[in-house]
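These values consider heavy atoms only, across backbone and side chains, with no hydrogens, waters or symmetry-generated copies.
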Amino acid sequence: MAFTTDTIRNIAVCGHGDTGKTTLVEQILFNAGVISKAETVDSGRTVSDFTEEEIEKKISIHTSLTNVIWKDTKINIFDTPGASDFVGEVVSSFRAAESAVMLIGARSSVQIETVKLWRRLNARDMPRIAFINKMEKTRADFYKVLEDLKEFEITAIPLTIPMGQAENYEGVINLMNMKAYKKDGGGKEENAIEIPDEYKEIAEEYHLKMIEMAAEGDDELTEKYFDEGTLNLEDAIKGLQEGLFDNRFVPVFCGSAVDNSGITPLMDFIARESPAPGRVEEPCISGEKARMISTEGSTSGIIFKTMIDKFAGKMSYVKVITGKLTAGSEVFNSREEKKERINKIFLCEGKDLKETNEVHAGDIAVLTKIESLRTNDTICAADDTIHYKSLALPHPVYSLAINAENQKEEDKMSAQLHKVAEEDLTFTIKYNEETKETVISGMGELHINIILEKLLKNFKINVNRRTPRVPYRETIQGSSEAEYTHKKQSGGHGQYGRVCLRINPLERGKFFELSNDIKGGAISKGYMPGIEKGLLEGMNEGFLAGYPLMDIGVSVFDGKEHPVDSSEMAFKLAAKHALKEAVEKARPTLLEPVMNLTVFVEDQYMGDVLSDLSTKRGRVQDQQPVGGGIQSIQAQVPQGELMRYSIDLKSMTSGTGAFEVEFSHYDPVGGKIAQDIISASAKASE
């Protein structure tokens, strides 16, 4: 059965690690009759965590996709990892979902990944529902979490409240239908009962608060509420729907996933009130008009995730944006400008694929063995091409220089790591011509270690690791002139070229500018390409420590050519040597890359982190609370000081800290630091 756009919901279950995401999804599948028993993460048999490394480490590493039918609505559920190392998987699920369910521990409350994921949802203006989980835990406190959520500067509306907390937790009260759902130790269904007498007063209090807050979700309802002093349930639900879609507030549910408690009210709300795909507009690249998700029009969709399975081959996860996708049809890959035939379409249930004939706009499917498709590709009709916007992925924060033990292993290693990079766009592998190193980068030490462990286990490739060399640069601080004559005679035609040039520093980031200021035709224009090649070659070789020169303006103002012996090669060599002599007189200096660093840290570790940044020559630019006793620190720090920062921060914060980093600019570096860099470069080239 193919579901239509208005009967589909796509939700991303997200949250800090160990908040119970996989357990919640497992119980949802059980309650919906998809599985006969809800398994624990420790058992290694959950639907979501099915890869060898997930079973072994007992954590989610990949986003898994499954679906349930609830209240005649098809709900596609993305179970996402909680560790920051795998945030790329979360980003892909956010792109394919219309709303998110953010899990928050009733005891741990708002944590660092909660804050970071909340910010990502804000950046997408994406509706979200909060589920306060683990109400059965010692020191669980639903009302404290509610208070902490206020720091996100958005109205949190409880739609369920707990009956008791921690050791006294008994179940939840649904404030919409004013029914109680008793915890029964993991039974198949939570049955609605009358609210026990001892909870009626607090239930009525929060029910009235819910109606008052729901009135703010729609302007007409706000006016009606002020006129009448209340709303009926139908109007309140409409207000909740509109307010959720417009991100005016966050509905809050609570429960205990491990006890199968509080899940029925959550799923009822998702099925009926969460945004359907048809209300969402899919952005396109610049110059192309965004399209509403709709069955109208020709087929189009975006590939938001790629997996390479040793049995199924390449698996391309597609969200259908317009029209419908039909088995046996032909689509157009707009990036490759290539037609592809869709032989089979599958629905995903964890690791299992279930074949289907068609999927409508808003639904999620898997296409197999279409080699041209990559993550971020758009498929569409050949006569109605479009390019949907790519995923906004974070920058890698941790890098290693690697090599295998011999050339044969090196080739095999490179091939396998390029496959990983195709699956995981937050992982990169590059050969740095400047440092002669193969450098891999990812979202953290755990991310990289898991990839290299898999390489050893599956392909017996042992990889040597070391800290990469920093990509320093060189520049000049003053202006100078130089001239050089390249003259060589070795029988027959010789080589002759004389170049006079002037150099000056450019604004940072301008790289290179060349002007031809020759008067009277001293050098023919035909030799200027050779001169430019020589200058660029000389800049690439550097002067102080072999790092490329940058931000230099060159004016060629005179020279001389020979009617027989001059050539492009002669002028290339003359320009290269003239540049070297000019740089020597222009106060050359080293430049180091400086990064924008954002650190998320609990209050108790602030002093240690700030002190450490000071020793790393960091310049703190801002710090502010972001909720739940967590601070964010913005700083600029030289890249050379951050090569092991993921390890350092983990040590300083007992594994709780997190950070994001991106390139900012190059800054001059001098004194002993510069001397050490030059000495290290000289040793490396010996």
Side-chain angles (χ1 to χ4, degrees), residues 99 101-102 104 106 109-110 127-133 135 140-166 168-183 190-256 261-275:
S99 57
V101 176
M102 177 75 76
I104 302 169
S109 191
V110 172
R128 73 217 66 171
I129 297 162
F131 184 79
I132 300 175
N133 192 26
M135 287 303 309
D141 192 338
F142 172 81
Y143 301 98
K144 179 185 181 300
V145 179
L146 269 186
E147 195 64 27
D148 288 344
L149 287 175
K150 290 180 181 178
E151 295 191 50
F152 287 129
E153 298 181 352
I154 190 168
T155 302
I157 303 182
L159 299 187
T160 62
I161 59 173
M163 294 188 290
Q165 303 195 103
N168 300 317
Y169 175 68
E170 298 180 66
V172 302
I173 296 169
N174 185 343
L175 299 173
M176 289 183 289
N177 65 7
M178 289 301 280
K179 296 290 184 182
Y181 295 80
K182 275 257 188 183
K183 179 183 76 169
E190 294 178 280
N191 295 315
I193 61 171
E194 294 302 316
I195 299 171
D197 290 343
E198 62 267 36
Y199 296 112
K200 282 183 178 178
E201 185 177 340
I202 192 170
E204 186 63 30
E205 177 191 342
Y206 274 88
H207 176 74
L208 293 175
K209 283 183 180 178
M210 178 198 76
I211 289 176
E212 181 183 349
M213 293 174 178
E216 298 175 11
D218 180 271
D219 292 340
E220 289 183 13
L221 293 178
T222 304
E223 188 175 328
K224 184 175 181 179
Y225 179 81
F226 282 128
D227 289 343
E228 301 178 9
T230 188
L231 296 176
N232 61 38
L233 185 59
E234 185 179 338
D235 284 340
I237 288 173
K238 180 186 176 186
L240 290 169
Q241 287 177 318
E242 295 304 315
L244 172 61
F245 182 74
D246 293 337
N247 243 337
R248 296 191 190 187
F249 45 63
V250 176
V252 180
F253 293 81
C254 64
S256 167
S261 175
I263 294 171
T264 296
L266 170 69
M267 293 303 294
D268 286 349
F269 182 84
I270 290 170
R272 291 191 301 244
E273 275 74 62
S274 68

### By side-chain hydrogen bond (donor to acceptor under 3.5 Å, both in side chains) - contacts of D197 (at least two apart)
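side-chain hydrogen bond (donor to acceptor under 3.5 Å, both in side chains) list for D197, sorted by chain: K200.
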### Task
Under the side-chain hydrogen bond (donor to acceptor under 3.5 Å, both in side chains) rule, collect the residues that match up with E201, sequence neighbours excluded.
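Scan of E201 (side-chain hydrogen bond (donor to acceptor under 3.5 Å, both in side chains), adjacent residues dropped) gives none.
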### Query
Got more than 12 heavy atoms from elsewhere within 6.0 Å of CD, E223?
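Atom CD in E223 is not packed in, count stays at 12 or less.
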### Query
What do you reckon, is CD of E194 surrounded by more than 12 foreign heavy atoms closer than 6.0 Å?
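Atom CD in E194 is not packed in, count stays at 12 or less.
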### Task
May I have all residue pairs that pass side-chain hydrogen bond (donor to acceptor under 3.5 Å, both in side chains) and include part of residues 244-254, sequence neighbours excluded?
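For residues 244-254, and leaving out neighbouring residues, the side-chain hydrogen bond (donor to acceptor under 3.5 Å, both in side chains) pairs sorted by first residue read D125-N247.
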Identify the heavy atoms of [X] and [Y] that sit nearest to each other, and give their distance.
X	Y	answer
P265	V172	CG-CG2, 4.2 Å
V145	A106	CG2-O, 3.9 Å
S274	S99	CB-OG, 4.2 Å
L175	A203	CD2-O, 3.6 Å
K183	Y169	NZ-O, 3.5 Å

#### Entry: With D235 via salt bridge (charged side-chain N to carboxylate O under 4.0 Å, His left out) - residues at least two apart
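Testing D235 for salt bridge (charged side-chain N to carboxylate O under 4.0 Å, His left out), a comparison that skips the adjacent residues, returns K224.
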### Task
Report the residues that fulfil salt bridge (charged side-chain N to carboxylate O under 4.0 Å, His left out) with E273, sequence neighbours left out, ordered by chain and then residue number.
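Testing E273 for salt bridge (charged side-chain N to carboxylate O under 4.0 Å, His left out), a comparison that skips the adjacent residues, returns none.
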At what distance, to the nearest 0.5 angstrom, does [atom1] of [X] lie from [atom2] of [Y]?
X	Y	atom1	atom2	result
I132	L146	CD1	CG	5.0 Å
R272	Q241	CZ	CD	10.0 Å
L240	M210	CG	CE	6.0 Å
I237	I211	CD1	CD1	10.0 Å
L231	L221	CG	CG	5.5 Å
T222	D227	OG1	CG	11.0 Å

Only pairs under 3.5 Å count here: list side-chain donor-acceptor contacts from residues 152-164, not counting sequence neighbours, and write none if there are none.
{"residue": "T160", "atom": "OG1", "partner": "C254", "partner atom": "N", "Å": "2.9"}

### Message
By the definition ring pair (Phe, Tyr, Trp, His ring centres under 6.0 Å), identify the one residue from F131, F142, Y181, F269 that meets it with F253.
### Response
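It is F269; the other options fail the test.
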### Message
Any carboxylate oxygen within less than 4.0 angstrom of a Lys/Arg side-chain nitrogen, looking at E212 and K209?
### Response
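Answer for the salt bridge query: no.
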### Task
Test V101 against I270 for side-chain contact (heavy atoms from CB on, under 4.5 Å), laying out the working first.
CA-CA 9 Å; V101 176; I270 290 170; 3.9 Å; yes
